[in-house]
Amino acid sequence: MKKRSKLISAALLGLWCLSMLTSPLQAESPEKLRDLKADELQKIQNAVPEKPTVQPNKPRKILVFWRCEGFFHTSIPVVNEALKIMGQKTGAYEVTVCTDDYSVFTPEKLAQFDVVCLNNTTHLKFNPKETPERCKALMDFVKSGKGIVGIHAATDNFYDWPEGMEMMGGKFTGHPWGGGGTWAIKIDEPDHPLTAAFKGKGFKINDEIYRTDPPLYSRSKQRVLMSLDMSDPTTKNARGVKPSDADTGITWIKTWGNGRMFYCSLGHNDHLLWNPAILQHYLDGIQFALGDYKVDTKPTPIVSSGKGSKMEQQLNILKTTYDWGQSRVPLTELSAYIGSMHGNTAELKNIEKALLGVLDSDAKRAGKQFVCRELSIIGTEQSVPTLAKMLAGEETSDMARYALERIPGSAVDEALRGSLRGTRGKVRIGIINSLGQRRDKGAVRILSRILGRSNQDAAIAAAAALGQIADSQAAEALAEAKNKAEGKLLSVVLDAYLKCADQLVADGNKIKALAIYKELQKEGMPKPIRTAALTGMINAAKK
């Protein structure tokens, strides 16, 4: 009996755990939407624009469709009311039907509307095989010259209808940027009429942001007006972010046949609907989709090659005018594009070549520093000759080393070693540090010579570098130096010698390591060094 009871309890516990795992992903659509509180309605009323952006050519009617076959967003009733109030207050349009009933998707019923607005719809059942009439009715509606507006989850639809997904310009594949976080938005088109509400300035927003994976989402297919600002550390480092998220669209528009599509990702959280700038942005987008607000929909893809391309313009800014304190929009756009090319070796090679052109130009330090940071991520041996020329300059050496330290290949090591001959002072010490950072075993001989010379600052840097390289040859050089060094140099030499022993243990050379530990335990050695050496011996014995 007890055994049976335990089995039942285990089964119930398993079902409860399963429900906890699945419940956040599937929220049931209610039979009736909740009524908004008086204060919520007042907040919306206060926030909606006073008048239309442009006067409508004729009375405009909108269908607001909110059906959810998947996740139900609790902001749906708030969005519905905001759309109604905004239409009534401005006179730009009238929401004549607000429904979740599929029966509205017939040519006859859709004919009365100028725009279909998908308010946080999810997993809508549009399938060319199972519901061909429904698909044709909506597609013909838009292509005939009408409009479609998508709010937030409107890209979580049409999984069985590729043409519908293409029309929307994106599909839901996740949201690393959850509704509880605050994320940075940049204005990709600050001079475009549909972003006028933001006055050309990026902003931060507390909302859930949908991922926009290529190739369905593409700047070559639609005009992207706003996107996530990945220069913001919180946004860039959100849990689950991947390289292709570097270009994550927020708002985009396109023409579709003779019709128009407007989509905005914002609208997961209720309070977005009493944000004046967001509501103005939606009004402008809706009036565009209605056909009253004539704006440019030509896509502005960021491409790396071709005369007059967006990337060429950004590179020209870097070469000629960019300096610290100026707008970073061209830089963040360029960085986002480079990130989106992750895995595309041929394109990255072209980009790398273009970036090297900035370094060979008369660009200011600010522009060259930006380029070096990008090369630290995508640079190859192609970059080494150009960066090597920068190593001797006091103003450029640090930025060049930052890139070189992260570029794989022996050509980098050879360039760093070669540059030691013609440098001195802080520049020379920086190069020594880089050789240690890269653990260049080929540099042990030259570092040993520097360690034995009279310039103490360079000798200290060489000793530290040998401790990072930490092979048998480095250990021998440090063993010789410890008998001659004094003061601060001696402290660095002993510490580096100890690091060599630790690394030799890790490399499996315990005999050599134990000999060093014993040597460092002798009388006259500093107490911290003796203690560390004893600890090293004990740890080595355990391995």
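Residues take their numbers from the sequence shown, with the count starting at 1.
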Side chains of [Y] and [X]: any donor to acceptor distance under 3.5 Å?
| X | Y | answer |
| --- | --- | --- |
| Thr321 | Gln326 | no |
| Gln112 | Thr96 | no |
| Asp284 | Thr53 | yes |
| Glu69 | Thr122 | no |
| Tyr402 | Arg373 | yes |
| Asn433 | Gln437 | no |
| Thr380 | Glu352 | yes |
| Tyr210 | Asp156 | no |
| Ser434 | Glu405 | yes |
| Asn316 | Glu312 | no |
| Gln314 | Tyr322 | no |
| Thr106 | Glu133 | no |
| Arg211 | Thr173 | no |
| Lys186 | Ser227 | yes |

Salt bridge check: are [X] and [Y] linked by an N-O gap of less than 4.0 Å?
| X | Y | value |
| --- | --- | --- |
| Asp247 | Arg219 | yes |
| Lys143 | Glu163 | yes |
| Asp245 | Lys242 | no |
| Lys364 | Asp323 | no |
| Glu40 | Lys37 | no |
| Lys109 | Asp101 | no |
| Asp296 | Arg223 | yes |
| Glu50 | Lys89 | yes |
| Lys204 | Asp229 | no |
| Glu166 | Lys221 | yes |

Would you please classify the geometry between the [Y] ring and the [X] ring as parallel, tilted or perpendicular, with 30° and 60° separating the classes?
| X | Y | result |
| --- | --- | --- |
| Phe105 | Phe126 | perpendicular |
| His268 | Phe71 | parallel |
| Trp161 | Phe158 | perpendicular |

* State the OG1-CG distance between Thr396 and Leu359, to the nearest 0.5 angstrom. =>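 The CG atom of Leu359 is 9.5 Å from OG1 of Thr396, to the nearest 0.5 Å.
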For [X], I'd like to know if atom [atom1] has over 12 heavy atoms of other residues, nucleotides or ligands within 6.0 Å.
| X | atom1 | value |
| --- | --- | --- |
| Lys136 | NZ | no |
| Asp362 | CG | no |
| Lys254 | NZ | yes |
| Lys61 | NZ | no |

* To do: Determine, for Tyr102 and Arg134, whether the Lys NZ or Arg CZ falls below 6.0 Å from the six-membered ring centre while staying within 45 degrees of the axis.
  =>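 Yes.
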* Face-on cation placement of Arg260 at Phe262 ring, 6.0 Å and 45° thresholds ->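 Not flagged: Arg260 not positioned over aromatic ring of Phe262.
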* Judged by atom type as modelled, is there a donor-acceptor pair below 3.5 Å linking the side chain of Thr195 to the main-chain atoms of His192? ->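 Indeed, once roles are kept as given, a pair shorter than 3.5 Å links the two residues.
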* To do: Mark yes or no for whether Asn269, through its side chain, and Asn206, through its backbone, hold a donor-acceptor pair below 3.5 Å.
  =>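 Yes, the answer is positive, given that a donor and an acceptor are paired below the 3.5 Å cut-off.
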